[in-house]
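Residue numbers start from 1 in every chain, and the chains themselves are labelled A, B, ... in the order their sequence lines are given, proteins ahead of strands.
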Amino acid sequence: MSKENNFYITTTLPYTNSDPHIGFAAELIKADVIARWQNLAGKQVVFNTGTDEHGLKIWQQAEAAGLTPRAYCDPYAARFASLKEALNLSFTNFIRTSDRNHEQAAQEFWRRCAKNGDIYKKTYSVKYCVGCELEKTESELIDGRCPLHPNRELELIEEDNYFFRFSKYQQPLLDFYQNHPDFVVPSHRFTEIKNFIAAGLQDFSISRLKAKMPNGVPVPGDDEQVMYVWFDALVNYISTLGWPDDEENFQAFWPAVQVCGKDNLRQQTAMWPAMLLSAGLPLARQVLIFGFLTANGQKISKSLGNGVDPFDLLGKYGADALRYYLLTEIPPFEDGDFSEERLIQKYNADLANGLGNLVARVSNLLEKNNITTSLRADDGAAAVYLSQEANLSSYQFSRTLQSIWQDIAACNEELSARAPWKLAAKEEIAAVLLPLAERILGIATRLQPFLPSTAQRIISQFTQVQIIKGEVLFPRLDAAAKTA
RNA sequence: CGCGGGAUAGAGCAGUUGGCAGCUCGCCAGGCCCAUAACCUGGAGGUCGUCGGUUCGAAUCCGACUCCCGCAACCA
């Protein structure tokens, strides 16, 4: 398989200290559409996701639960992995940063950066709140004090940590950006990171004292230190391909398209690229920075616990309805608000009244009039259509869906205008219905990356010789169903 | 003057190079009766955040201002 026929996309790895929320589901769904689209276009696709299981928070929670970090994360990892069936995702790889081969890859990555002279030891002073028994970052402090214990002075703790020579890569990163104008999407995020890099870089800490926090990958050649969670976590993008042992697979699929939330901008578009430059590896193909979701106008926060539960929604509405809502109503790169009322509105207006009703009308008329067909799904035509959709190439999923929905509306108009139910001759009725059946099949084929399960149902229904009405695709919802 | 985004109909949004302000939902009226109280046609509803400038012409370009939001090295 030549490299041109391969495509690799990866999400970020969520930190497993809580259940999946709607924002991460949105990231997975957008990545899935891209993966399925590329696959439909004939590419061999690697689609990676997984869980990030190192670091302090998981260590503390595991300690409290009396479990090893790995055992503590097991049910969380299983829950994230189960999103595959729940959201109807096509990911091929699910990596846990606690996997043995990932830890080995992170160590090899470290050695390469070290060999290149980019890792050095430095005394690092951290602010420590005795009240919380926690290290505090500047952003957590208010007026230089812990907001939870404002009466206590913060202690300064000094420890030796390894640092990564980020500063060395300022110019190489700027050069790379210059030569790769599509590296970061959307462009305003690219501007943001360029400005950040141009302002100057500080080396960052990439290890922690093992005695204080052992939940990390051991630093090669130093028993006292483990890697800071970010350093090893980013390596998952290549360790999932089998790097460094499986050079052939790595070469076949890397570089990736990486997707992430806007909070991850620096890690994904600056720190990780600098690390790759240091290790002598090619940088990612492209990084897509998605916006954030609010839930009913409120910021989603793990600590507030107001994250909308995707499993709950999927139980009520199904994967395709949630996918459709998130893809059409939420702009991919800007912040958006998740509202269950809007989901129900879109479901009724577009899925039940639009697509579902059209399928029911046409299939019912075909069945009642005993009209037979000989249609075949044409994935090739769908791939051509989607590849020519400039909106999809720029990841404007909602616009592609809008254009498909214009076809649905056009079919409904034509059906009403030609009113085959008023005709007597079977040939005349067939002359109206057969082209419509073909258009519906085309619509379903193009819908495959977006609504995979619905698309499959329509395709199998409309490739029968005698198309029958069958079950309603999207039963209309009562707005009151929300609370049910 | 730290960086970035946003403000367009009741709500959610689109408006790529300046050229009659659009889409969806909701609302009103009519039609249809195949279909999931669905479908089709028409209608009401906007000073495009404010002020100024460029132009024959500005939602769009330029300047100033107001208000919201995110980031500022844990976070999808």
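Both distances falling under 3.5 Å, in either a Watson-Crick or a G-U wobble arrangement, place G42(B) opposite C28(B). Pair check for C71(B) finds G2(B); Watson-Crick or G-U wobble, both atom distances under 3.5 Å.
If you check distances only, the side chain of K57(A) does reach the base of C74(B) with a donor-acceptor pair under 3.5 Å.
By the 5.5 angstrom centroid cut-off and the 30-degree plane limit, F292(A) is classified as stacked against the base of A76(B).
Looking at which nucleotide of RNA chain B each of Q202(A) and K422(A) is closest to, the 5′-most match is held by K422(A). Of the two residues contacting RNA chain B, namely T12(A) and L358(A), the nearest-nucleotide position lying further toward the 5' end is that of L358(A).
Across all strands, Q267(A) comes closer than 4.0 Å only to sugar-phosphate atoms, never to a base (heavy-atom distances).
Side-chain N/O atoms of K346(A) include none lying less than 4.0 angstrom from OP1 or OP2 on G12(B). Residue N195(A) places at least one side-chain N or O under 4.0 Å from the OP1 or OP2 atom of G4(B).
Between the C1' atoms of C61(B) and G15(B), the separation comes to 16 Å (whole Å). Across the P atoms, C3(B) and U16(B) are found 27 Å apart, a figure rounded to whole Å.
Counted by atom type alone, Y120(A) and D203(A) present one or more donor-acceptor pairs between their side chains at under 3.5 Å. Looking at N236(A) and R96(A), their side chains never bring a donor and an acceptor atom within 3.5 Å of each other. With no hydrogens or angles considered, no side-chain donor-acceptor pair links Q402(A) and R399(A) at under 3.5 Å.
The side-chain tip of K346(A) does not point at the ring of Y324(A) from less than 6.0 angstrom away and within 45° of straight on.
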